Amino acid sequence: MAEDFITEEGKSVLVVGSGGREHAIVDALARSPRVSKIYCAPGNAGIARQAECVDIEVTDVESLADFAEGNNIDLTVVGPEAALAVGIADRFLLRGLNIFGPTRNAARIESSKEFAKKLMAKYNIPTGSYRTFTDYDEAFAYVSNGSFPTVIKYDGLAAGKGVVVAANIDEAETALRDMLKEASFGEGKVIIEEFLSGPEFSFMCAVSGRRIYPLAIAQDHKRAFDGDMGPNTGGMGAYSPVPFITDEVRKTALDKIMKPVAEAMVSEGIPFTGILYGGLILTDEGPKVIEFNARFGDPETEVVLPRLESDFYTLLESAVNGKECATRWSDDACLGIVLASEGYPGSYVKGFEIRGLDNCRGAVYHMGTARKGDKTITAGGRVLMVTGKGATLAEASANALRDVEQIECENLFSRTDIGHQAI
Ligand code: AMP
Ligand code: GLY
């Protein structure tokens, strides 16, 4: 289409982060005819094939801003919450640098569960009822008089590990002790929340104040093993689209949750720019909020961005400038399987050689890899996200599973049933 043709503008972009999410962001930017140079700080072995990796930590905000200024970066895109939490967006804005990501204050929608809960209560956004506690005895008395299962959340960033769904009083007691008495998490504050049931889905929207640019819906798989068994992880696989989320449910989620939250942030004087990630659950009463994140989801981004047919740079630029931007999405399905180090999400050993990457036909996003001489080695808990595309989710799954077979590494495990709720 003629209006899609954009001549080379030579835009330079800096992507902050080093995981699969950032690899997918780099990959989507690499497809934009408007972008001619991509840097990634610090990046990883896979990202290095598509971007120039810069050795700056994601929390070293001043060095990142110096780099952006010194290299005439047109736009910086933030991946990890750690960078947002130390105020990367605040610093960049103060220095007049374009950045896609919320201020530290706006990112509290992720970093403080209590902030998110209060906001939702004030603006009537559907979510589970809750109470906050700092005192162990009061919290224990409250759960003792309540029903099970009940949900106990540590209030603060805990990398997805600060949530316990307690089936009985013993499990609740252990969780409360860990969070309020052992102080293993830091400052002790917990939220005890109503248990919601239904299928979960991830709805990411680019947001610019009141303006909202919805992305395709995805579903993550949080448990480590097949059959949704084992410990909670950062996510072991994902797929998009999600067939049981109908257009009607999507519209409800947009009109009753995502748009009102963006407006609420403006009304509170803390407008949000960046990705607002709704971790939603489809209950009998309609979609409700489990949590918000202030950033792209990982591994959802790796299956959502490959389905974006319109220009990704233009979407980010429009959000930063508060301009309108229509997006176009492929009807094809995308499904990704995470290969993680044995032992993850607990302790694991790094440094194992990975072979067979070039035999994969689909996109393989690197989550935690490094180079050692001419070899690619494991360098994290989650190591690779192997993705497949297809006209149907079943086809995408078959393609992804076939590519997983191509990867040779003695210390990786993966799930075989990603997409089971939909296939
Ligand atoms: P969160 O870190 O808040 O996303 O929680 C991690 C996981 O815990 C979610 O993906 C859900 O599976 C589960 N969870 C959290 N809150 C609730 C809730 N209110 N009801 C049921 N499950 C929940
Ligand atoms: N996949 C969930 C997250 O990014 O937090």
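For ligands, and for the atoms within them, numbers begin at 1 and follow the listed sequence. Because only heavy atoms are used, hydrogens play no part in the values below, and waters and symmetry mates are left out as well, while side chains stay in. For this chain, numbers begin at 1 and follow the sequence in order. Quick caveat, the model's predicted, so the values are computed rather than measured.
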For a quick check under 3.5 Å, do Y348 and E342 share a side-chain donor-acceptor pair by atom type? no

In sequence, state the C-alpha distance, the side-chain angles, and the governing distance for R91 and L64, and then conclude on side chain to side chain contact (heavy atoms under 4.5 Å, CB included). CA-CA 10 Å; R91 194 65 198 131; L64 290 167; over 6 Å; no

CD1-CD1 distance between I191 and I152, expressed to the nearest 0.5 angstrom: 12.0 Å

Could you say whether the N/O atoms of E291 and ligand 1 ever approach to under 3.5 Å? yes

Give the atom numbers and elements of ligand 2 that come within less than 4.0 Å of a heavy atom of G297. 4 (O)

Taking only non-hydrogen atoms of K153 and a 4.0 Å limit, the atoms of ligand 1 in range are 3 (O), 15 (C), 16 (N)

Which residue and heavy atom of the protein sit nearest atom 4 (O) of ligand 2, plus the separation: D298 N, 2.9 Å

Just to be sure I read this right, does ligand 1 sit under 4.0 Å from the backbone of V163, its side chain, both, or neither, counting only heavy atoms? side chain

Please write down residue, atom name and distance for the protein heavy atom closest to atom 2 (C) of ligand 2. Y277 OH, 3.4 Å

Students often mix this up, so state it plainly: with edges at 30° and 60°, are the rings of F312 and F296 parallel, tilted or perpendicular? perpendicular

I want to check a possible cation-pi pair here: K37 against Y39, using under 6.0 Å from ring centre and within 45° of the ring axis as the test. yes

Interatomic distance, CG@D226 vs OG@S414, rounded to 0.5 Å, equals 8.0 Å

Min heavy-atom dist S202 to ligand 2 below 4.0 Å: no

If we ignore angles and hydrogens, is there a donor and acceptor under 3.5 Å between the side chains of T127 and K117? yes

Is the closest basic N to carboxylate O distance between D358 and R49 below 4.0 Å? yes

Under 4.0 Å from one or more heavy atoms of K113, ligand 1 contributes atoms 2 (O), 3 (O)

Under a 4.0 angstrom heavy-atom cut-off, which atoms of ligand 2 come close to N293? 3 (C), 5 (O)

Please verify whether a non-hydrogen atom of R295 lies at under 4.0 Å from ligand 2. yes

Quick check on contacts: which atoms of ligand 2 are under 4.0 angstrom from a heavy atom of D220? 1 (N), 2 (C)

Using a 4.0 Å heavy-atom cut-off, which part of R21 comes near ligand 2: side chain, backbone, both, or neither? neither

Candidates L282, V242, I281 - the one meeting side-chain contact (heavy atoms from CB on, under 4.5 Å) with P199: L282

Any heavy atom of P299 sitting closer than 4.0 Å to ligand 2? yes

